[in-house]
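Reminder, nothing fancy here: chain letters follow the sequence lines and each chain counts from 1.
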2 protein chains.
Amino acid sequence: MSLRYALLGLLAEAPASGYDLARKFERNLRRYAWHAQHSQIYPELNRLAADGLAAVVEEGPRGRRTFAITDAGRDELRRWVLDPDDDPVVRNEHTLKLFLLSTLDVEDARKMLRQQAEGSLQEYERLRAAITEADRGGRPPVELFAAELGARYFLTLHEWARWALQRLDSE
Amino acid sequence: MSLRYALLGLLAEAPASGYDLARKFERNLRRYAWHAQHSQIYPELNRLAADGLAAVVEEGPRGRRTFAITDAGRDELRRWVLDPDDDPVVRNEHTLKLFLLSTLDVEDARKMLRQQAEGSLQEYERLRAAITEADRGGRPPVELFAAELGARYFLTLHEWARWALQRLDSE
DNA sequence: AATAGCATGTAATCAGTTACATGATTTA
DNA sequence: TAAATCATGTAACTGATTACATGCTATT
């Protein structure tokens with residue numbers, strides 16, 4: 001059910017079409033929190049409209065339909081966001097690979113950890129620059145929140161990879 | 001396909017039954033990297049055996065079957081771990097909720113962020129203690145790697161929540 | 001006039017969750 | 001001897017990905 005709330009959340013910031021939302025997932029959410037393809041988004045938008053949680057507010061060229069969240073949608077979104085999630089599940093293939101590095105030859109693991117350390121530092125710097133820029137532009141909070149947590153996570157990943165390297169060397 | 005490699009990775013550390021593996025997901029992996037229920041694990045173990053990537057090495061009471069990774073399994077696991085993942089997707093409902101806090105009233109958001117800041121600090125301390133203990137016991141690396149990254153992530157989350165609070169106040 | 005990007009949809013398949021189902025062994 | 005835990009499995013359903021399908025509009 002997370003998809004439905006991700007869509008409501010994005011619509012709560014600004015009205016958008018399915019196409020817009022697909023790009024928002026791609027740019028802001030997919031690397032940190034959630035993802036959906038257009039084939040999942042369009043039907044779900046129609047369901048949200050049928051349930052009265054969102055509504056078409058504008059029709060544009062090429063059949064474009066802009067959706068906005070309704071009052072009922074905001075209530076439902078709030079309820080979900082404030083509802084504490086017990087036993088959370090995270091799916092992160094990249095993290096899984098990092099953990100499983102420990103099952104490889106020390107040489108393989110060392111090589112990958114070095115690459116990881118370098119790559120995550122670069123990502124960190126890239127995001128920091130993007131945040132400075134976005135902040136000037138007064139970008140919507142969801143994007144800024146995501147970018148800031150993303151940047152901090154990449155720095156943490158960088159530091160963890162360096163820790164793991166040291167750990168391998170000391171054995 | 002991640003499930004298959006998660007299983008191979010756990011088997012690469014030590015032979016285990018489906019039941020053992022379900023507990024490992026629950027304890028070590030589900031909060032950071034991947035999850036699977038027993039209903040997914042048992043059939044996949046049989047598929048791994050059919051594909052020659054794992055094999056039953058022991059039969060115990062109550063129909064218990066202990067699986068071990070094969071040489072072919074290790075090769076396949078290594079191939080996957082070293083294979084760089086382009087366009088990664090993360091599914092993390094908790095992070096999604098944190099991002100969407102920004103769509104709520106400032107008072108709602110503030111309250112949740114304070115709870116988040118407190119909760120993640122507690123989790124951090126809990127994990128740090130567990131790591132110290134596990135390290136003495138010479139626990140398998142996958143567990144230690146996971147716990148160490150988990151601890152660092154919780155601390156980062158704590159710091160981010162405090163940043164987000166400040167950010168709300170300054171507007 | 002061609003190309004890239006905008007824009008929406010459905011169908012088939014695969015992955016993951018929940019519910020159903022059974023029974024053995026250990027511990028209190 | 002009752003309860004908790006160990007142990008495995010299948011079936012039905014829901015969620016997510018990939019492939020198929022179509023057409024418009026703006027830019028070069």
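- Look at CG on A:Leu3: it is 13 Å from C1' on D:dT17, rounded to the nearest Å.
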Check: When every nucleotide of nucleotides 19-28 of chain C is labelled 5' to 3' by its protein contacts under 4.0 Å (heavy atoms), B for base, S for sugar-phosphate only, - for none, what sequence of letters results?
Finding: B---BBB---
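- Here the side chain of A:Asp85 pairs no donor or acceptor atom with the backbone of A:Pro88 at under 3.5 angstrom.
- Checking the phosphate oxygens (OP1, OP2) of C:dT8, a side-chain nitrogen or oxygen of A:Tyr42 falls inside 4.0 Å.
- When rounded to the nearest whole Å, the span between CH2 of B:Trp34 and C1' of D:dA16 equals 11 Å.
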Note to self: With salt bridge (charged side-chain N to carboxylate O under 4.0 Å, His left out) as the criterion, how do B:Glu44 and B:Arg4 come out once you've worked through the C-alpha distance, each side chain's angles and the decisive distance to 0.1 Å?
What the structure shows: CA-CA 7 Å; B:Glu44 188 62 35; B:Arg4 139 162 299 214; 2.9 Å; yes
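- OP1 or OP2 of C:dC6 sits under 4.0 Å from a side-chain N or O of A:Tyr19.
- Regarding B:Lys24, its NZ atom lies at a distance of 13 Å from the P atom of D:dA7, rounded to whole Å.
- There is no side-chain donor-acceptor pair under 3.5 Å between B:Gln122 and B:His158.
- Between B:Arg65 and D:dC6 there is no side-chain N or O to OP1 or OP2 distance below 4.0 Å.
- Checked against the 6.0 Å centroid criterion, the rings of B:Trp160 and A:Tyr153 do not qualify as a close aromatic pair.
- Residue A:Arg4 is out of contact with every strand shown, counting any heavy-atom pair closer than 4.0 Å.
- Checking B:Arg65 against B:Asn46 by side-chain atom types alone, a donor-acceptor pair falls below 3.5 Å.
- No hydrogens or angles considered: a donor-acceptor pair under 3.5 Å links the side chains of A:Thr156 and B:Thr156.
- Rounded to whole Å, atom P of C:dT13 lies 18 Å from atom CD of A:Gln37.
- Aromatic ring centroids of B:Tyr5 and B:Trp34 lie 6.0 Å or more apart.
- Contact annotation: B:Arg91 does not reach the phosphate of C:dG16 (side-chain N/O to OP1 or OP2, under 4.0 Å).
- Between B:Gln40 and C:dG16 there is a side-chain N or O to OP1 or OP2 distance below 4.0 Å.
- Atom CG in A:Leu7 sits roughly 11 Å away from atom P in D:dA16 (whole-Å rounding).
- When the P atom of C:dG16 is taken as reference, atom NE2 of A:His35 falls 15 Å away, rounded to whole Å.
- Computed from coordinates, the A:Ile41 CD1 to C:dT10 P distance equals 14 Å when rounded to whole Å.
- OP1 and OP2 of C:dG9 both lie 4.0 Å or more from every side-chain N or O belonging to A:Arg64.
- The separation between B:Glu93 atom CD and C:dT17 atom P is 12 Å, rounded to whole Å.
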